[in-house]
Protein chains: 2
Amino acid sequence: MTDTENKSEAPAKTRTPKQISDSTIHRLSRYLRLLGALEADSVKTISSKELASIKRLTPAQVRKDLSFFGSFGTRGLGYPVSELKVKIAGILGLDKRWRLAIIGVGNIGSALVGHKEFPERGFDIRLVFDNDQRKIGSKHKGLLVSDIKNLKEELLAHEIEIVALAVPASVAQEITDIVVSAGVRGILTFAPIHLNTPENVFVRREDMTMELEYLTFALSINAVKSPNDLGLS
Amino acid sequence: MTDTENKSEAPAKTRTPKQISDSTIHRLSRYLRLLGALEADSVKTISSKELASIKRLTPAQVRKDLSFFGSFGTRGLGYPVSELKVKIAGILGLDKRWRLAIIGVGNIGSALVGHKEFPERGFDIRLVFDNDQRKIGSKHKGLLVSDIKNLKEELLAHEIEIVALAVPASVAQEITDIVVSAGVRGILTFAPIHLNTPENVFVRREDMTMELEYLTFALSINAVKSPNDLGLS
DNA sequence: TGCAGCATGTGAACTCTTTCACTAACTATA
DNA sequence: TATAGTTAGTGAAAGAGTTCACATGCTGCA
Ligand SMILES: NC(=O)c1ccc[n+]([C@@H]2O[C@H](COP(=O)([O-])OP(=O)(O)OC[C@H]3O[C@@H](n4cnc5c(N)ncnc54)[C@H](O)[C@@H]3O)[C@@H](O)[C@H]2O)c1
Ligand SMILES: NC(=O)c1ccc[n+]([C@@H]2O[C@H](COP(=O)([O-])OP(=O)(O)OC[C@H]3O[C@@H](n4cnc5c(N)ncnc54)[C@H](O)[C@@H]3O)[C@@H](O)[C@H]2O)c1
């Protein structure tokens, strides 16, 4: 920790390094998707107003998000589509290809293995693991299923950077520990439990039940109260 | 102080009805999961401090979340596990079973159909749709695949309340329009595009690519800068 | 019954995020 | 070259969400 001498009585001259928020990063992903579509349509420039139209965002939001990373637009004109796309990709770390492994080739795991969008966006699934003898050694959509027993060695050998965890919750933590010991610092998990990991490992959870419960909450409130608002979308 | 009897029987004069945040609802889901596990272990009471340990939450956060909905604990003791579980389930609208339909029985769709946790948590998958003639009429994990042509009629007939959309992005919007016209007000979508829906329809998006890009952003920053902080977790 | 200890519930402070409002800067046109 | 029109960039204000801090009120025990 530490770093920054900040904290004195200085009223912050310039919003120093700045902390980038969770939501800003997610929005960058969305801008990127839209820019890809625009580029395919040969659109040359786009204004913050048009970019904002991809959802219920405001032009100011778009400009602020981008301003954290630099000045990419031209006043009076807008942003150059192709250029901005490259910039955002760079910000998100997508100027390189990433090596992934899928652990657990069950319902979710196989869905991931077959997903065409991943390689298109820079994610190469290099390894697939399971502990089921019937699956190990078999080809799964072109990928040989490896034995979970060799998890650490194979992750290291293939220099895997990100792992998608699609195993039962009961074994998610123990597998996580091995994954972390293999130097993997990015985990996308589908198990509905909290994973304990060191500070420098990033975990994102894809929790469908949680999202469904968000919907039931919203629907229940709305059924009882007024038919709109509550700010949920 | 406390709330003096203003006019009417309106509670709280200051902090008005209040808006419940997105994050509070998600945390309630997580509390609920933990409470289920605790109940299974015959734990009788739990303090906000212990509840907070499920992640990087603070006891104050837990208490604040719950306080939006009432006073469920006992000072000096904590919260009664079983009782709190029922209360939170009620808040989230889980005191009833919900009728779901899955649209698109491809990679993701079949994963959802086979997922055991859904029925356990109150979600009954009643219908499954596809437009592929080879799939229509066949049984998929016990469920007959319906023809997408009959979407609206079947949704209405079965009084479907929530739909999970697992179709290609290219057809997601048109299917959404039909779904909405059938009175469905909750949608969980896996297509990586923004869906246009009326105000009173709630949409939640499960976007794996976005989460992966969050990881690549975090990993890139960390590779370049200091090996910790930046507030990302 | 009284006392010590403990954990809730909550206004208030604080921090983070979004929106506002204005200036700077470029394009297009005449 | 001047001028009108447009839009990015950005401090500052406003709005949300989180954390603090403490009084309140319960439990358990002597
Ligand atoms: N299927 C869904 O729609 C869905 C929805 C939400 C959450 N999830 C979660 O995603 C995870 C995976 O779900 P699923 O439906 O794919 O389950 P699944 O049972 O179909 O697949 C799990 C796979 O993991 C393998 N496995 C089990 N133990 C292992 C081990 N120790 N090492 C390696 N592999 C092991 C199994 O052999 C199996 O292939 C679970 O945690 C589940 O709760 C699934
Ligand atoms: N598979 C993944 O891991 C993954 C990851 C992220 C996002 N997604 C997204 O989830 C969605 C589904 O992905 P998938 O991998 O399951 O795709 P898929 O192609 O395996 O399945 C799509 C299914 O939808 C059906 N379908 C197509 N058009 C239809 C129509 N008009 N009406 C009804 N059914 C129709 C197809 O027959 C097929 O069964 C896509 O939008 C995809 O981008 C998938």
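Letters A, B, ... mirror the listed sequences (proteins, then strands); counts begin at 1. None of these values were measured; they are calculated from a predicted model.
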*Identified side-chain contact (heavy atoms from CB on, under 4.5 Å) partner of B:Val163 from the options B:Ile102, B:Leu155, B:Thr189, B:Ile178*: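 Testing each of B:Ile102, B:Leu155, B:Thr189, B:Ile178 against B:Val163, the sole residue satisfying side-chain contact (heavy atoms from CB on, under 4.5 Å) is B:Leu155.
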
*Name the nucleic acid region contacted by A:Lys49, choosing base, sugar-phosphate or nothing; use a 4.0 angstrom heavy-atom cut-off, strictly under.*
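No contact at all - A:Lys49 keeps every heavy atom at 4.0 Å or more from the nucleic acid.
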
[X] side chain near [N] phosphate (N/O to OP1/OP2, under 4.0 Å):
X       : N      : result
B:Tyr79 : C:dG9  : yes
A:Ser21 : C:dC16 : no
A:Ser47 : D:dT7  : no
A:Arg27 : C:dT18 : yes

Can you identify which nucleotide, out of [options], has its nearest atom closest to the [X] side chain?
X       : options               : result
B:Ser71 : C:dG9, D:dG17, C:dT8  : C:dG9
A:Ser67 : C:dA7, D:dT10, C:dT19 : D:dT10
B:Ala60 : D:dC20, D:dA8, D:dT18 : D:dC20

*Have a look at B:Asp207 and tell me which of A:His26, A:Arg33, A:Arg30 forms a side-chain hydrogen bond (donor to acceptor under 3.5 Å, both in side chains) with it.*
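That would be A:Arg33; it is the only one of A:His26, A:Arg33, A:Arg30 passing the side-chain hydrogen bond (donor to acceptor under 3.5 Å, both in side chains) with B:Asp207.
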
Could you state the atom-to-atom distance from [atom1] of [X] to [atom2] of [N] in whole Å?
X       : N      : atom1 : atom2 : result
B:Leu57 : D:dT18 : CG    : P     : 10 Å
A:Gln61 : C:dC16 : CD    : C1'   : 13 Å
B:His26 : D:dG17 : NE2   : P     : 13 Å
B:Ile20 : D:dT18 : CD1   : C1'   : 14 Å
A:Phe72 : D:dT7  : CZ    : P     : 20 Å
A:Lys64 : D:dA13 : NZ    : P     : 13 Å
A:Asp65 : D:dA8  : CG    : C1'   : 14 Å
A:Arg63 : C:dA25 : CZ    : C1'   : 14 Å

*asked:* Within a 6.0 Å radius of atom NZ on A:Lys96, are there more than 12 heavy atoms belonging to other residues, nucleotides or ligands?
replied: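 For A:Lys96, atom NZ is crowded (more than 12 foreign heavy atoms under 6.0 Å).
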
*Can you tell me how far NE2 of A:His194 sits from CD of A:Gln173, rounded to the nearest 0.5 angstrom?*
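That separation rounds to 8.5 Å.
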
*Any chance you could measure B:Met208, atom CE, to B:Glu211, atom CD, to the nearest 0.5 Å?*
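Answer for the CE-CD pair, B:Met208 versus B:Glu211, is 10.0 Å.
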
Identify every side-chain donor-acceptor pair in residues 60-73 of chain A under 3.5 Å, counting partners at least two apart or on other chains, and give the distances.
residue: A:Arg63; atom: NH1; partner: A:Ser48; partner atom: OG; Å: 3.2
residue: A:Asp65; atom: OD1; partner: A:Thr24; partner atom: OG1; Å: 3.1
residue: A:Asp65; atom: OD1; partner: A:Arg27; partner atom: NH2; Å: 2.9
residue: A:Asp65; atom: OD2; partner: A:Arg27; partner atom: NE; Å: 2.6
residue: A:Asp65; atom: OD2; partner: A:Tyr31; partner atom: OH; Å: 2.6
residue: A:Ser67; atom: OG; partner: A:Lys64; partner atom: O; Å: 2.8

*Encode nucleotides 25-30 of chain D as B, S and - characters from 5' to 3', where the letter depends on protein heavy atoms closer than 4.0 Å: B to the base, S only to sugar-phosphate, - to neither.*
BB----

*If you find the nucleotide of DNA chain C closest to B:Gly70 and the one closest to A:Ser23, which residue's nucleotide is nearer the 5' end?*
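Looking at DNA chain C, the more 5' nearest nucleotide goes with B:Gly70.
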
*asked:* Which is more 5' along DNA chain D, the nucleotide nearest B:Thr24 or the one nearest A:Leu66? Just name the residue.
replied: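 Per heavy-atom nearest nucleotide, the more 5' residue is A:Leu66.
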
What side-chain donor-acceptor pairs closer than 3.5 Å can you find for residues 37-45 of chain B, not counting sequence neighbours?
residue: B:Glu39; atom: OE1; partner: B:Lys85; partner atom: NZ; Å: 2.7
residue: B:Glu39; atom: OE2; partner: B:Ser82; partner atom: OG; Å: 2.9

*Is a side-chain donor-acceptor pair under 3.5 Å present for A:Glu50 with A:Ser47?*
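Short answer, yes.
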
